[in-house]
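The sequence lines fix the lettering, A, B, ..., with proteins before strands; numbering per chain opens at 1. All values below were derived from every heavy atom in this structure, side-chain atoms included, with hydrogens, water molecules and symmetry-related copies excluded.
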Number of protein chains: 2
Amino acid sequence: MSDITIVDIAKQAGVSIKTVSRVINREEGVGPATRARVEDLIEKLGYRPNVSARSLSSRRSYLIGVVFMRVGAYHYVGEVQVGAMRACRRAGYHMVIEQVDDPGQARGPGLEQALKAGRFDGLVLPPPVCDDPEILAIIEAQGLSYVRVAPDRDFGRSPYVFMDDQQAAHDMTARLWDLGHRRIGFIDGPADHGSARRRREGYMTAMAERGVRVKPEWIAGGDFMPLSGLEAGDRLLGLPEPPTAIFAANDSMAMGVLSAASKRGLSVPADLSVVGFDDGPLAESSWPGLTTVHQPIAEMAEAAAEMLIEGFGDPRFRSRTAARQLDYHIVERGSSTSR
Amino acid sequence: MSDITIVDIAKQAGVSIKTVSRVINREEGVGPATRARVEDLIEKLGYRPNVSARSLSSRRSYLIGVVFMRVGAYHYVGEVQVGAMRACRRAGYHMVIEQVDDPGQARGPGLEQALKAGRFDGLVLPPPVCDDPEILAIIEAQGLSYVRVAPDRDFGRSPYVFMDDQQAAHDMTARLWDLGHRRIGFIDGPADHGSARRRREGYMTAMAERGVRVKPEWIAGGDFMPLSGLEAGDRLLGLPEPPTAIFAANDSMAMGVLSAASKRGLSVPADLSVVGFDDGPLAESSWPGLTTVHQPIAEMAEAAAEMLIEGFGDPRFRSRTAARQLDYHIVERGSSTSR
DNA sequence: CCACGATACGACAACGTTGTCTATGACGTT
DNA sequence: AACGTCATAGACAACGTTGTCGTATCGTGG
């Protein structure tokens with residue numbers, strides 16, 4: 001157990017604890033020589049400030065919370081955690097995770113108590129939590145600052161981090177076009193899903209720019225689940241003039257399309273190119289590997305945590321609505337090829 | 001923000017803060033009437049003890065850490081977190097996660113500092129962290145108590161939670177037998193992997209019990225990755241007398257077997273039964289769904305966190321080596337059928 | 001050489017709890 | 001009536017840090 005305290009450092013350095021405190025917190029008012037001496041001692045003794053004492057005194061907890069829902073795959077949440085953790089480590093913060101929909105845990109009171117007791121300095125809110133009005137209300141009622149990751153709506157309500165779904169879908173469509181595809185099908189996500197809408201917009205725009213009138217039957221409805229991808233793919237491939245490439249609004253549905261193709265004896269990518277969106281775990285492990293848009297999830301979460309941590313120095317931050325945009329990129333795997 | 005403190009409660013209740021403290025911590029020495037009055041007040045004012053003050057004074061942090069490596073899929077880690085979180089919530093603890101292998105974070109110093117600063121009451125260690133001697137050494141050097149989840153070796157080194165891999169594999173094999181399969185192939189995991197070894201043992205024992213001499217060529221080597229499953233499956237299916245059922249030591253490899261079967265034009269489960277082990281996300285989303293052994297990962301982590309929390313009341317716990325066994329069950333999906 | 005403003009540092013009181021020790025009654029026993 | 005015993009409760013000092021304010025010490029300009 002680390003039993004050395006600020007007092008020990010102070011004694012050995014022959015200074016007051018306040019001076020050590022100043023060094024730790026990079027405050028000014030310490031001479032270079034003294035600072036160096038104290039820093040060496042801290043290093044040598046492996047001293048770490050006691051978080052509890054610190055936060056008791058400073059009213060900061062050095063804790064960043066990540067609030068998430070257990071929904072579908074863990075991949076997204078995992079990436080978020082990894083990213084947020086990077087930022088936290090860098091800044092000497094810790095990361096606490098709070099889950100809001102475990103069966104039996106009323107999301108309201110459960111979350112509220114956890115937040116109260118946790119004394120978080122700030123929260124990172126990935127989807128879908130970042131778009132849940134009920135949860136946002138609870139958080140705001142506590143006066144906590146938070147940054148949303150890839151929110152669906154309510155832009156301007158709070159600081160957030162995002163990527164340009166529409167532009168990404170546009171690029172992907174353009175890439176298929178450049179590969180020689182002309183009949184490009186699209187599998188849509190849920191109607192109320194902002195990202196899905198933006199992805200469809202991107203597809204539509206790219207097609208329009210190239211002078212193509214997208215036939216209504218080229219767009220098949222889906223719900224982001226694999227089964228819906230299979231059904232939608234089946235419908236598209238059953239058309240009199242089936243598309244030569246299918247762009248699914250997420251990877252799961254693209255996987256469904258792969259199944260649909262295989263059911264019809266079509267081989268991918270020879271007979272059909274299939275591309276997705278997300279670059280989740282499926283994309284890499286499927287065979288053939290899925291060409292897809294890589295979402296910088298970890299990076300977005302990292303940026304979010306960073307914004308929070310930076311913001312604590314500046315209280316005005318809370319009321320500002322900052323936004324930070326991060327870059328996607330397209331990952332070329334085996335599921336798409338030129339026609 | 002919750003600005004009410006123990007002093008407010010004490011004043012309004014007309015008692016000393018110590019008495020309120022006693023009520024909060026369920027200590028004895030408080031009359032029923034007083035206790036009720038204080039409890040009501042706490043409820044009414046929505047008072048939550050300040051964690052920092054509490055842990056500063058009591059030298060307990062009310063923080064459980066989950067240390068994990070970013071390895072392969074997030075599913076396992078996700079389940080662990082969900083389970084541990086359940087236990088933490090119940091007991092009023094918070095859960096902090098620490099990652100040990102993010103690029104650029106030296107696992108040694110990085111973890112050590114995080115642990116020192118974090119002041120965890122205890123750690124939950126899922127695989128593969130629970131079998132990493134280097135990491136265990138660091139943790140033990142800090143004098144932290146920890147419970148391992150499904151460790152591979154070093155039983156007795158610390159308390160742990162586990163399930164009986166061997167028995168599960170035995171059961172699964174028996175089930176295939178009961179479905180009429182006689183030539184049952186097995187795809188092994190990495191040689192140095194304890195669970196893999198136990199699973200193979202289970203398979204062997206079940207076969208032996210039924211008087212079958214397992215031919216060496218029925219067992220194909222694998223490394224838990226999908227590709228190795230594909231190759232191993234290909235080898236098994238290429239035998240003069242191919243197995244009618246293949247039991248892969250994990251789901252990923254079972255997925256590979258599905259691909260191998262499809263490459264050969266065999267349909268699952270009509271021509272070949274395929275079963276896996278883990279019940280990860282792949283098992284449900286594959287087509288056909290994979291019959292597999294469900295590992296109670298979340299439950300194991302929950303039990304681990306519980307053991308830690310219970311143990312804090314009893315310091316002797318640290319030196320004891322407790323173990324808790326949890327039940328698996330077999331999930332029947334579409335990939336296996338009777339012959 | 002003095003006054004003066006910086007600069008560098010220290011003393012001391014918070015912060016909100018828990019741990020330890022002590023005080024007060026009520027009650028039963030001799 | 002005097003005395004222990006028990007249940008209940010409070011006073012007070014930690015815990016390890018930061019915030020506030022005060023005070024030496026130093027360099028500088030007049």
Side-chain angles (χ1 to χ4, degrees), chain A residues 1-39 41-42 45-63 92-94 116-119 121 312-313 315, chain B residues 1-39 42 45-63 92 94 116-119 121 312-313 315:
Chain A
M1 281 291 206
S2 175
D3 281 317
I4 41 175
T5 74
I6 200 172
V7 179
D8 301 313
I9 304 289
K11 268 202 195 117
Q12 295 213 32
V15 297
S16 76
I17 57 168
K18 183 64 224 194
T19 299
V20 178
S21 171
R22 273 191 265 261
V23 171
I24 296 166
N25 296 292
R26 290 175 173 66
E27 291 170 28
E28 48 184 16
V30 183
T34 315
R35 184 178 296 269
R37 190 154 34 99
V38 171
E39 272 169 352
L41 226 37
I42 289 177
L45 301 186
Y47 163 73
R48 294 279 118 192
N50 179 315
V51 182
S52 305
R54 230 180 175 189
S55 64
L56 178 58
S57 183
S58 68
R59 306 180 139 271
R60 284 173 60 177
S61 66
Y62 297 88
L63 250 36
Y93 279 66
H94 285 265
K116 258 190 193 165
R119 301 269 144 100
D121 283 347
F312 299 141
Chain B
M1 282 292 203
S2 174
D3 281 317
I4 42 177
T5 73
I6 200 171
V7 179
D8 302 313
I9 304 289
K11 268 201 194 113
Q12 295 213 32
V15 297
S16 76
I17 57 168
K18 182 66 224 194
T19 299
V20 178
S21 171
R22 276 191 263 262
V23 171
I24 296 167
N25 296 293
R26 291 173 171 66
E27 292 170 27
E28 47 184 16
V30 183
T34 316
R35 184 177 296 268
R37 188 152 38 96
V38 172
E39 272 169 352
I42 289 177
L45 302 185
Y47 163 75
R48 294 279 118 193
N50 179 315
V51 182
S52 304
R54 233 183 170 187
S55 62
L56 179 58
S57 183
S58 67
R59 305 182 138 271
R60 285 174 59 177
S61 65
Y62 298 88
L63 250 36
H94 285 265
K116 263 190 190 165
R119 301 269 142 99
D121 283 347
F312 300 143

Where do [X] and [Y] come nearest, in terms of heavy atoms and distance?
X     : Y     : value
A/S55 : A/S61 : CB-CA, 3.5 Å
A/E28 : A/R35 : CA-NH2, 4.1 Å
B/Y47 : B/I4  : CD1-O, 3.4 Å

Net bend of the helix from C/dC1-D/dG30 to C/dT30-D/dA1, end axes of five pairs each, nearest 10 degrees: 50°
Measure the distance from [atom1] on [X] to [atom2] on [N] and round it to the nearest whole Å.
X     : N      : atom1 : atom2 : value
A/D8  : D/dG16 : CG    : C1'   : 11 Å
B/R60 : C/dT18 : CZ    : C1'   : 11 Å
A/E27 : C/dT7  : CD    : C1'   : 15 Å
B/N25 : C/dG16 : CG    : P     : 17 Å

Produce a footprint string for nucleotides 4-15 of chain D: one letter per nucleotide, 5' end first; B if the base is under 4.0 Å from any protein heavy atom, S if only the sugar-phosphate is, - if neither. ----SBBB--BB
Distance (rounded to the nearest 0.5 Å) between [X] [atom1] and [Y] [atom2]:
X      : Y     : atom1 : atom2 : value
A/L63  : B/S52 : CG    : OG    : 8.0 Å
B/D121 : B/H94 : CG    : NE2   : 12.0 Å
B/L56  : A/L56 : CG    : CG    : 6.0 Å

Would you tell me if any nitrogen or oxygen in the side chain of [X] comes within less than 4.0 Å of OP1 or OP2 on [N]?
X     : N      : answer
A/R54 : D/dT18 : yes
A/Y62 : D/dT17 : no
B/S21 : C/dT17 : no

Run the side chain to side chain contact (heavy atoms under 4.5 Å, CB included) test on A/I24 and A/R54 for me, step by step, so that the C-alpha distance in whole Å, both residues' side-chain angles and the decisive distance to 0.1 Å come before the verdict. CA-CA 11 Å; A/I24 296 166; A/R54 230 180 175 189; 3.5 Å; yes
Between side-chain atoms of residues 6-15 of chain A and protein atoms elsewhere (two or more places apart, or another chain), which donor-acceptor pairs fall under 3.5 Å?
from, atom 1, to, atom 2, distance (Å)
A/D8, OD2, A/T5, N, 2.7

